There are 2 protein chains.
Amino acid sequence: MSSTQDIDALIDMMAKLPGLGPRSARRAVLHLIRKRALLLTPLADTMQTVAATARECLNCGNVGTADICDICTANKRANGEICVVEDVSDLWAMERSGAFHGRYHVLGGTLSALDAIGPQELRIPRLIDRVATEEITEVILALNATIDGQTTAHYIADQLEGQVQLTSLAQGVPIGGELDYLDDGTISAAMLARKKL
Amino acid sequence: MSSTQDIDALIDMMAKLPGLGPRSARRAVLHLIRKRALLLTPLADTMQTVAATARECLNCGNVGTADICDICTANKRANGEICVVEDVSDLWAMERSGAFHGRYHVLGGTLSALDAIGPQELRIPRLIDRVATEEITEVILALNATIDGQTTAHYIADQLEGQVQLTSLAQGVPIGGELDYLDDGTISAAMLARKKL
């Protein structure tokens with residue numbers, strides 16, 4: 001079907017996106033083709049722009065369209081706090097919560113002996129640099145509460161021991177969480193970290 | 001976050017695609033940005049091409065990159081059979097099954113009194129034209145087994161009564177289907193259409 005090969009190629013590419021499969025890719029592409037003036041053309045143009053401009057911040061690893069990202073260049077965010085996250089998606093989640101007003105450091109993953117990912121593969125040396133050079137008062141380790149995440153947090157804590165105040169996110173019952181549906185680990189953590197009323 | 005507005009715009013557009021939401025759109029866009037040379041640029045280019053070339057076949061309503069689609073132009077498919085489907089996705093499903101070797105007619109929806117969709121809103125007049133002008137021996141009504149689909153099938157059958165042989169897809173137990181999990185309607189249909197061994 002030579003003349004539809006572009007459409008087939010588009011479907012194949014879309015099907016490879018996380019969260020999409022062949023079926024949903026076909027639906028999405030048909031939807032885009034039906035509204036091509038309204039949806040497909042703008043989407044294609046925006047993709048071109050992003051493909052041409054998107055890059056990782058040389059300082060913190062955040063994704064943006066400049067060599068140094070908006071957060072790193074924003075003076076009002078230079079409050080001496082660095083929030084260390086595994087991934088840009090975690091940074092975005094933090095930003096949505098609006099709970100943090102300092103700067104970030106995106107590791108780009110976690111230490112993993114199995115996958116042979118050591119400190120050099122992540123942005124850990126750069127983090128140690130930043131703590132030494134920027135005026136950092138507190139490093140908040142906001143890594144996922146997974147084994148790899150916590151291993152990485154411990155490693156970073158060892159490296160920065162004594163140079164700066166180290167904190168990590170509180171663990172406990174999520175807001176709106178029901179004990180009955182929580183795993184034992186979370187309940188024990190919440191019990192250990194219980195606070196006075 | 002001015003310099004990331006393109007990325008945000010891309011996420012918003014992706015989030016509007018069927019089967020995607022804000023969360024999966026963010027994941028997809030991050031994935032694309034990480035592999036922008038490998039994935040994002042080719043995807044953007046292909047989208048541009050499709051946006052520029054995709055159109056509906058003037059004859060049958062199939063989606064392609066020419067005024068008359070590959071199936072309508074393929075002589076070996078001019079076997080006098082027209083398979084009438086609601087939507088291009090149904091045509092694609094038929095093609096994947098490889099069970100049909102004739103040509104198609106995509107209605108572009110079903111008759112619906114509620115949504116004020118009459119024969120003129122669909123490609124029904126064009127179908128009646130085709131039956132009159134092309135050498136059609138059989139019209140296979142492969143419409144969805146929904147109320148609207150069957151209403152539309154009945155309407156078309158009335159219009160083409162006597163001019164051509166009319167057939168519809170068999171209804172019954174799907175291959176691999178377990179009676180226990182089938183709805184009563186399907187079981188009764190299969191019972192009524194039972195065949196000699």
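Fair warning: this is a prediction, and the values are worked out from it, not measured in the lab. A note on names: the letters A, B, ... follow the listed sequences, proteins ahead of strands, and every chain is numbered from 1.
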Q | Part of B:Ile33 within contact of chain A (heavy atom distance under 4.5 Å) | A | side chain

Q.
Shorter than 4.5 Å, heavy atoms on both sides: which option in B:Leu20, B:Leu30, B:Thr41 has the most such pairs with chain A?
A. B:Leu30

(Q) If I take atom CZ from residue B:Arg27 and atom CG from residue A:Leu17, how far apart are they, to the nearest 0.5 angstrom? (A) 10.0 Å

Q) Of the backbone (N, CA, C, O) and the side chain (C-beta and beyond), which part of B:Leu32 lies under 4.5 Å from a heavy atom of chain A, both, or neither? A) side chain

Q.
Taking side chain as everything from C-beta outward and backbone as N, CA, C, O, which of these in A:Thr49 sits under 4.5 Å from a heavy atom of chain B? Side chain, backbone, both or neither.
A. side chain

Q.
If you count heavy-atom pairs within less than 4.5 Å of chain A, which of B:Ala9, B:Ser24, B:Pro42 leads?
A. B:Pro42

**Q.** Between CG on residue B:Leu40 and CG on residue B:Asp45, distance to nearest 0.5 Å
**A.** 9.0 Å

Q: Quick one: pull up CE in A:Met47 and CG in B:Asp6 and give me the separation to the nearest 0.5 Å.
A: 12.5 Å

Q. Is there a donor-acceptor contact under 3.5 Å from the side chain of B:Ser168 to the main chain of B:Leu141?
A. no

Q: Against chain A, label B:Arg34 side chain, backbone, both or neither, depending on which of its atoms sit under 4.5 Å from a heavy atom there.
A: side chain

(Q) Looking only at side-chain N and O atoms, does A:Ser89 offer a donor or acceptor that is under 3.5 Å from a partner on A:Asp87? (A) yes

Q.
I need the residue from A:Met14, A:Glu56, A:Gln48, A:Arg55 with the largest number of non-hydrogen atom pairs under 4.5 Å to chain B.
A. A:Gln48

Q) If you count heavy-atom pairs under 4.5 Å between each of A:Arg23, A:Lys16, A:His31 and chain B, which one has the most? A) A:His31

Q: Using a strict 4.0 Å threshold on nitrogen-to-oxygen distance, state whether A:Arg77 and A:Glu95 make a salt bridge.
A: yes

